[in-house]
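This report concerns only the one structure given below.
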Amino acid sequence: MVLLPLPPLAAKALADAQRLIAEGRLQEAAAAARRAREAAPTHPAVPDGVATALSRRGLKRDALAQRLLACHLAPDDAALRRALVEALPGADFAGASVAVQTQLFRLLHAPDVSPLDVGPAVLSFIRTLPGYTRLSMPSGFLSMVAEPACQDLLQHPLWQALLARCLQTDRQLEIMLTHLRRVALSRWQGGSSDGLLTPGLEALAALALQANLCGFAWMEPPAETAGIAALETALANVPPRELDARVLLLACYRPLPNLDLAVPEGRGMLRQAWDRLVDEPRQRTALGLSLPALTPVEDRTSMAVRGQYEVNPYPRWLGTNLPLPRPLPEVLHGLFPDLPAAGFPAARPLRVLVAGCGTGEQSARTARRFSDATVLAVDLSRASLGLAALRARQLGIGNLSFAQADILGLGGLAERFEVIEAMGVLHHMADPAAGWRVLRSLLAPGGVMRIGLYSRLGRQPLATVRRLVEAGGDQPVTAERLRAARMLMLERAAEPEVRFALDFLDAYDLDGLRDMLFHVQEHDFTLPEIGRLLSDLGLRFLGFELTDRALAERFRQRHPAPRAQRDLALWEAFEQTEPAAFAAMYRFWCQAA
């Protein structure tokens, strides 16, 4: 969306407001901002500009109010939407107005925004509703669901959107959701034929979508397992023709079988449920099978890894934060300001390879991150690739193509790439160095690589948890085994290592849990080991891509010289003092020497 320039009077008043905010003269700044709004009452640049100045001054709450106003004035502007999302962390929306609720609803459904970044703000509002307080009570759940306040909660658009779009990690809320699911099952067993939770089906559809998002990770007592088996038999005996209460109840516990169900009318919660639970699995399968194969998959470890991700594609995602496109030199200069932009490739179009793209979230961001780029994303798993291709289609990303391939077989490609990304991939190979060597051979002269590798020090607590939950040894990694491991973790949440694992989003869906604790192949690294690999491959370390600004600032305070950012020995010493600094993984850039 291209905004028209501000009228001169409004531009002058806005500039005055920004200057006065910077000087701390807030009352005068407020008057200047009012003059700017009077001169351009519907132009979002006024509240956007005021918000920027307030943020720099540390006035986050006031800045958030201006961000909300800017998005209200221009709801389709992606840059304003992104700025609003960045202002949400830590905000409390208790008692939010209807207008603000509408903004949060739109953000949850925006495909270029990660619902995970919006969910906590929405939950801060939901928690203040009387029905939430009632359903948080430890007993009397079955009777409470029918109370007016609880019905109001279950039918609230933001409650339903939160469950439908955002994976929940709050333990109290998870317990509430498992109770709701049990109520719905109990009512079906009692012969009820209505919505099982509310008169309509929307509340049950939202619950089913949340259960699907978490990969059916919630505790399932044997009595419920038996009840669902009876439901499956009933559906087999009398096949449904539409997305009725029986089908949605099953979807609260299991992936739906291939059912020929009529498309619900409208675009409400029932249509969302049909799209995601009925139609998307068919589309993902068809897209995954239709993609070309660039290499065979013959390596034993590669085949085992492919098998894992065919069953548990990772990660599940609905929307993601898409950046504004910029040239590669500008992107890298933004990450590492002391490096001259002239030293990086400026090819047009920029050729990018994403090696091991999984379900495509990283690939989508990469395709939007670089301007004038063509991106090839490859993976072992067709189930993962099918979801990746579907999400790229939904986002309208046209410069991204997918193919099945094993990194070990890519050496035969004739094409060379200015950018190669391998995030969280090499450490799942039998010989990570061999895979990295193949990718290095595909790098154009002066090209750059973005690499993600597990930190041995950062993942030590996870090694403890892995030993705790792997009591089953070589038994198959089934959903039941994963649920049992997760329940053991929740029971022992007070233990530091387990608490560490539960702080990862992966602990709240079964696909993520398997990736984190039950992977078929995993290596970790120290920074000296990475340094030797970089040297052997003829790569120059450019620096870490850090999302934790506080962490980056602590390192900078200890080592203010710009070149310190590229000194792995300094980073190793820093990690020894802060073992959790790279708990997720090392994410870094390097360049062909």
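A salt bridge between Asp524 and Arg459 is absent, with no side-chain N of the basic residue lying under 4.0 Å from a carboxylate O of the acidic one. A salt bridge is defined here as a Lys NZ or Arg NE, NH1 or NH2 lying under 4.0 Å from an Asp or Glu carboxylate O, and Arg351 with Glu418 meets this definition. Arg82 has no carboxylate O lying under 4.0 Å from a charged side-chain N of Glu86, or vice versa, which leaves the two without a salt bridge. One finds a salt bridge joining Arg106 and Asp76 here, because a Lys/Arg side-chain nitrogen approaches an Asp/Glu carboxylate oxygen to under 4.0 Å. A salt bridge links Glu522 with Arg466: the closest approach of a Lys/Arg side-chain nitrogen to an acidic carboxylate oxygen falls below 4.0 angstrom. Ionic pairing of Arg440 and Asp536 is not present here: no N-O contact between side-chain nitrogen and carboxylate oxygen is shorter than 4.0 angstrom. A salt bridge does not link Asp567 with Arg563: none of the charged nitrogens is closer than 4.0 Å to a carboxylate oxygen. Look at Asp112 and Arg81 and you find a salt bridge, because one of the NZ, NE, NH1 or NH2 atoms lies within 4.0 Å of a carboxylate O, short of that distance. Note on Glu497 versus Arg492: no salt bridge recorded, every NZ/NE/NH1/NH2 to OD/OE distance being 4.0 Å or above.
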Task: Stepwise salt bridge (charged side-chain N to carboxylate O under 4.0 Å, His left out) check, Arg554 with Glu578 - done: CA-CA 10 Å; Arg554 290 197 296 275; Glu578 297 206 26; 2.8 Å; yes
Task: CA sep, side-chain torsions, deciding dist, call: Asn312, Gln308, side chain to side chain donor-acceptor pair (under 3.5 Å) - done: CA-CA 6 Å; Asn312 297 101; Gln308 172 176 328; over 6 Å; no
Task: Test log, rule salt bridge (charged side-chain N to carboxylate O under 4.0 Å, His left out), inputs Glu280 and Arg391 - done: CA-CA 10 Å; Glu280 275 197 6; Arg391 293 286 181 257; 3.0 Å; yes
- [ ] Would you please test Gln362 and Glu421 for side chain to side chain donor-acceptor pair (under 3.5 Å) and show each step?
- [x] CA-CA 9 Å; Gln362 172 203 345; Glu421 298 190 0; 2.5 Å; yes
- [ ] Would you check, one step at a time, whether the test salt bridge (charged side-chain N to carboxylate O under 4.0 Å, His left out) holds for Glu361 with Arg316?
- [x] CA-CA 9 Å; Glu361 185 175 9; Arg316 293 172 181 264; over 6 Å; no
- [ ] Apply the test salt bridge (charged side-chain N to carboxylate O under 4.0 Å, His left out) to residues Glu310 and Arg306: give CA-CA distance (whole Å), side-chain angles for both, the deciding distance (0.1 Å), then the verdict.
- [x] CA-CA 6 Å; Glu310 292 292 347; Arg306 178 184 62 182; 5.2 Å; no
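By the ring pair (Phe, Tyr, Trp, His ring centres under 6.0 Å) test, Phe216 pairs with no residue at all, sequence neighbours left out. Here Asp299 pairs with Ser302 under the side-chain hydrogen bond (donor to acceptor under 3.5 Å, both in side chains) rule; sequence neighbours left out.
The nearest pair of heavy atoms linking Leu385 to Ala377 is CD2-O, 4.4 Å. Here the shortest heavy-atom pairing between Ala501 and Met489 reads CB-CE, 3.8 Å. The heavy-atom pair separating Ala405 from Leu294 by the smallest distance is CB-CB, 4.0 Å. Shortest non-hydrogen contact noted between Asp117 and Leu88 is O-CD1, 3.9 Å. Of all non-hydrogen atoms in Thr359 and Pro315, the two that sit nearest each other are OG1-O, 2.5 Å. Minimum heavy-atom separation, Leu213 to Asp509: O-CB, 3.8 Å.
Panel note: side chain His333, backbone Leu339; a donor-acceptor pair is recorded below 3.5 Å. Under a 3.5 Å cut-off, the side chain of Asn321 and the backbone N or O of Ser114 do form a donor-acceptor pair. Listed for the Ser290 side chain is a donor-acceptor partner under 3.5 Å among the backbone atoms of Leu287. Within the 3.5 Å criterion, the main-chain N or O of Gly358 finds a donor-acceptor partner in the side chain of Asp379. A donor-acceptor contact shorter than 3.5 Å links the side chain of Asn399 to the backbone of Ala367. Arg368 contributes no side-chain N or O that, together with a main-chain N or O of Leu324, makes up a donor-acceptor pair within less than 3.5 Å. The main-chain N or O of Ala293 is never found under 3.5 Å from a side-chain atom of Gln404 such that the two would form a donor-acceptor pair. Checked by atom type and distance alone, the side chain of Gln591 pairs as donor or acceptor with a backbone atom of Gly446 at under 3.5 Å.
A ring pair (Phe, Tyr, Trp, His ring centres under 6.0 Å) check over residues 287-332, counting only residues at least two apart or in different chains, returns the pairs Tyr309-His519.
Side chains of Arg450 and Val419 form no contact here, defined as non-hydrogen atoms less than 4.5 Å apart. Between Leu328 and Pro345 there is a side-chain heavy-atom pair separated by less than 4.5 Å. Side-chain contact between Leu442 and Leu410 is present, with heavy atoms from C-beta onward closer than 4.5 Å. Glu529 has its side chain out of reach of Leu533: every pair of non-hydrogen atoms, C-beta onward, lies at least 4.5 Å apart. Put simply, the side chain of Leu289 reaches to within 4.5 Å of the side chain of Thr285, judged on heavy atoms. Taking the side chain as every heavy atom from C-beta outward, Phe417 and Val352 never approach each other to under 4.5 Å. Arg254 places a side-chain heavy atom less than 4.5 Å from the side chain of Glu232. In this structure the side chain of Gln272 reaches within 4.5 angstrom of the side chain of Arg165, judged on heavy atoms.
When the options Val448, Ile451, Leu539 are evaluated for a side-chain contact (heavy atoms from CB on, under 4.5 Å) with Trp589, the one that passes is Val448.
Taking the centre of each ring, Tyr454 and His428 come in below the 6.0 Å mark.
Cation-pi geometry between Arg566 and Phe541 is not met: the NZ or CZ atom fails to fall both under 6.0 Å from the ring centre and inside 45° of the normal.
To the nearest 0.5 Å, atom CG of residue Leu568 and atom OG of residue Ser535 are 11.0 Å apart. Annotation: the span from Cys252 atom SG to Leu207 atom CG amounts to 4.0 Å, rounded to 0.5 Å. Rounding to the nearest 0.5 angstrom, the gap separating the CZ atom in Phe582 from the CG atom in Leu453 is 12.0 Å. Rounding to the nearest 0.5 Å gives a distance of 6.5 Å between CG of Leu167 and CG of Leu116. Distance check: Tyr508 OH to Trp218 CH2 gives 14.0 Å after rounding to the nearest 0.5 Å. Distance CG/Leu177 to SG/Cys214: 8.5 Å, rounded to 0.5 Å.
Side-chain contact check for Glu575 and Tyr586: at least one donor-acceptor pair (N or O, by modelled atom type) lies under 3.5 Å. Judged by distance alone, the side chains of Ser371 and Arg326 never bring a donor and an acceptor atom under 3.5 Å apart.
Ring-plane geometry between Phe525 and His523 is classed as tilted, the angle between the planes lying from 30 to 60 degrees on a 0 to 90 degree scale. Between Phe544 and Trp571, the angle of the ring planes goes over 60°, which puts this pair in the perpendicular group of the 30/60° scheme.
More than 12 heavy atoms of other residues, nucleotides or ligands sit less than 6.0 Å from atom CZ of Arg499.
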